[in-house]
Peer 1: 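Quick one: the structure is below, and I'll ask about it shortly.
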Number of protein chains: 2
Amino acid sequence: MGQDRIELESSVGYLLKEASSSLRAAMDAVLRPLDMTVTHYSCLELLAQRPGLSNSDLARGAFVTRQSMNVLLHALERDGFVTRPAEAPAGRTLPVTLTPLGRRRLEQASTAVRSVEARMLRGMTREEQSHALHALQRMVRSLHEDDVPRGQG
Amino acid sequence: MGQDRIELESSVGYLLKEASSSLRAAMDAVLRPLDMTVTHYSCLELLAQRPGLSNSDLARGAFVTRQSMNVLLHALERDGFVTRPAEAPAGRTLPVTLTPLGRRRLEQASTAVRSVEARMLRGMTREEQSHALHALQRMVRSLHEDDVPRGQG
DNA sequence: TGACCCATGTCAGAATTCTGACATACATTC
DNA sequence: GAATGTATGTCAGAATTCTGACATGGGTCA
């Protein structure tokens with residue numbers, strides 16, 4: 001019968017979704033004691049690697065809309081983890097930076113997240129991990145080709 | 001000590017999230033003309049492969065809560081794509097089945113989704129695809145080991 | 001039989017995220 | 001200089017999803 005039907009268990013798309021979902025659940029589990037979510041962590045991690053990123057930059061990096069990132073940033077700012085200048089140094093972009101408190105917070109979270117990633121990757125050789133990495137990169141690239149940039153319109 | 005920070009671009013976790021996000025966006029884009037979402041499609045696809053699945057089964061298969069799946073099922077039922085018996089044949093589980101209309105709907109969606117998956121996989125050899133598939137399966141398994149079953153508690 | 005545990009369907013409320021819209025700032029073009 | 005296009009931050013409302021809670025059905029085990 002449906003020979004051409006996508007077999008869910010052997011569909012890369014389905015597995016991608018399952019793996020991503022499992023990873024998110026595992027990360028949420030280890031982050032919960034720290035009172036953080038994956039998006040919290042992503043934002044902080046992004047800022048540690050590239051200080052001065054804007055709200056829109058962070059949104060793209062965390063795969064949410066800039067409106068969502070904006071409410072997150074306000075919470076992080078209120079809690080003293082990040083800072084934004086009152087006025088834009090140039091244009092409208094407000095560069096966000098980690099505070100020392102935010103950096104300490106990130107260190108805790110980073111340790112927890114690293115343990116999850118290590119757990120996910122255990123049982124795979126260095127070479128297998130590299131292959132998986134490149135396969136994922138290739139999929140992302142293929143998906144973005146001849147693709148309209150997403151956003152608000 | 002200078003614990004090597006997770007380099008986002010070379011982190012399997014980050015790539016996983018990015019790939020999953022890109023795939024979802026691409027699927028949403030091709031499904032939008034059909035007035036469907038990824039969750040819609042997932043539900044229908046699941047039912048085509050295993051008729052009679054319960055609400056909870058579908059929720060697990062689509063990676064959402066059973067409450068979310070329940071509202072979706074009501075919409076699909078209202079639109080005539082699926083059917084549920086008024087009373088449970090056994091226990092409390094209500095088996096859901098596709099209607100002929102739902103099956104036709106799925107065919108359209110399935111064609112669109114297949115094109116996206118093909119686009120994602122283009123440029124990868126059969127062997128590379130197989131490697132990626134098994135890598136993903138392994139990650140999911142590792143993540144689920146010594147893990148509490150998720151749910152409502 | 002009865003106590004217990006687990007899974008299911010469902011209701012209600014909260015939290016999160018998204019869509020739509022607007023004004024502003026800069027670059028490009030005429 | 002003026003018009004246009006793109007990108008940003010932000011406000012407001014809607015839609016979606018989740019968390020919490022409850023009663024029911026069925027299995028296990030004493």
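For clarity, every value in this text was computed on a predicted model and none was experimentally measured.
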Peer 1: Just how far, in rounded Å, is P of D:dA15 from CG of B:Asp35?
Peer 2: 13 Å
Peer 1: Please tell me which of the listed nucleotides, C:dT8, D:dT8, D:dT10, lies nearest to the side chain of A:Ser56?
Peer 2: D:dT8
Peer 1: Of all the nucleotides listed (C:dC18, C:dT8, C:dT10), which has the minimum atom distance to the side chain of B:Asn70?
Peer 2: C:dT10
Peer 1: Has the side chain of A:Arg66 got a donor or acceptor atom sitting under 3.5 Å from an opposite partner on the base of D:dA7?
Peer 2: no
Peer 1: Is the backbone N or O of A:Leu34 less than 3.5 Å from a side-chain atom of A:Arg105, with the two atoms forming a donor-acceptor pair by type?
Peer 2: yes
Peer 1: How close or far is atom P of C:dA7 from atom CG of B:Asp57, stated in whole angstroms?
Peer 2: 12 Å
Peer 1: Are A:Arg60 and D:dT8 close enough that a side-chain N or O sits under 4.0 Å from OP1 or OP2?
Peer 2: yes
Peer 1: Is a donor on one side and an acceptor on the other found under 3.5 Å between the side chain of A:Arg119 and the backbone of B:Leu143?
Peer 2: yes
Peer 1: Atom CG of B:Asp28 to atom C1' of C:dT19: distance rounded to whole Å?
Peer 2: 13 Å
Peer 1: In this structure, how many angstroms lie between the C1' atom of D:dT17 and the NE2 atom of B:His40, rounded?
Peer 2: 14 Å
Peer 1: So, is A:Ser68 close to the C:dC18 phosphate, meaning a side-chain N or O under 4.0 Å from OP1 or OP2?
Peer 2: yes
Peer 1: Compare the minimum distances between each of C:dG9, C:dT19, D:dC18 and the side chain of A:Thr65, then state the nucleotide with the smallest one.
Peer 2: C:dT19
Peer 1: B:Ser54 side chain to B:Leu94 main-chain N or O, any donor-acceptor pair under 3.5 Å?
Peer 2: no
Peer 1: Under 4.0 Å, heavy atoms only, any strand: does B:Val71 hit a base, just the sugar-phosphate, or nothing?
Peer 2: nothing
Peer 1: Closest-nucleotide mapping onto DNA chain C: is A:Arg24 or B:Arg92 further toward the 5' terminus? I mean the 5' end.
Peer 2: B:Arg92
Peer 1: Between A:Met36 (CE) and C:dA15 (P), how many Å, whole number?
Peer 2: 20 Å
Peer 1: D:dT10 C1' sits how many Å from A:Leu94 CG, rounded?
Peer 2: 11 Å
Peer 1: Under 30°, 30 to 60°, or over 60°: which ring-plane class applies to A:Phe63 and B:Tyr14, parallel, tilted or perpendicular?
Peer 2: tilted
Peer 1: Can you work out whether A:Thr37 or B:Thr93 has the more 5'-proximal nearest nucleotide on DNA chain C?
Peer 2: B:Thr93
Peer 1: Expressed in angstrom and rounded to an integer, what is the separation of B:Met69 atom CE from C:dT8 atom P?
Peer 2: 13 Å
Peer 1: With a 3.5 Å distance limit and no angle check, can you tell me whether B:Ser20 reaches the backbone of B:Lys17 through a side-chain donor-acceptor pair?
Peer 2: no
Peer 1: Atom CZ of B:Arg32 to atom C1' of C:dT19: distance rounded to whole Å?
Peer 2: 11 Å
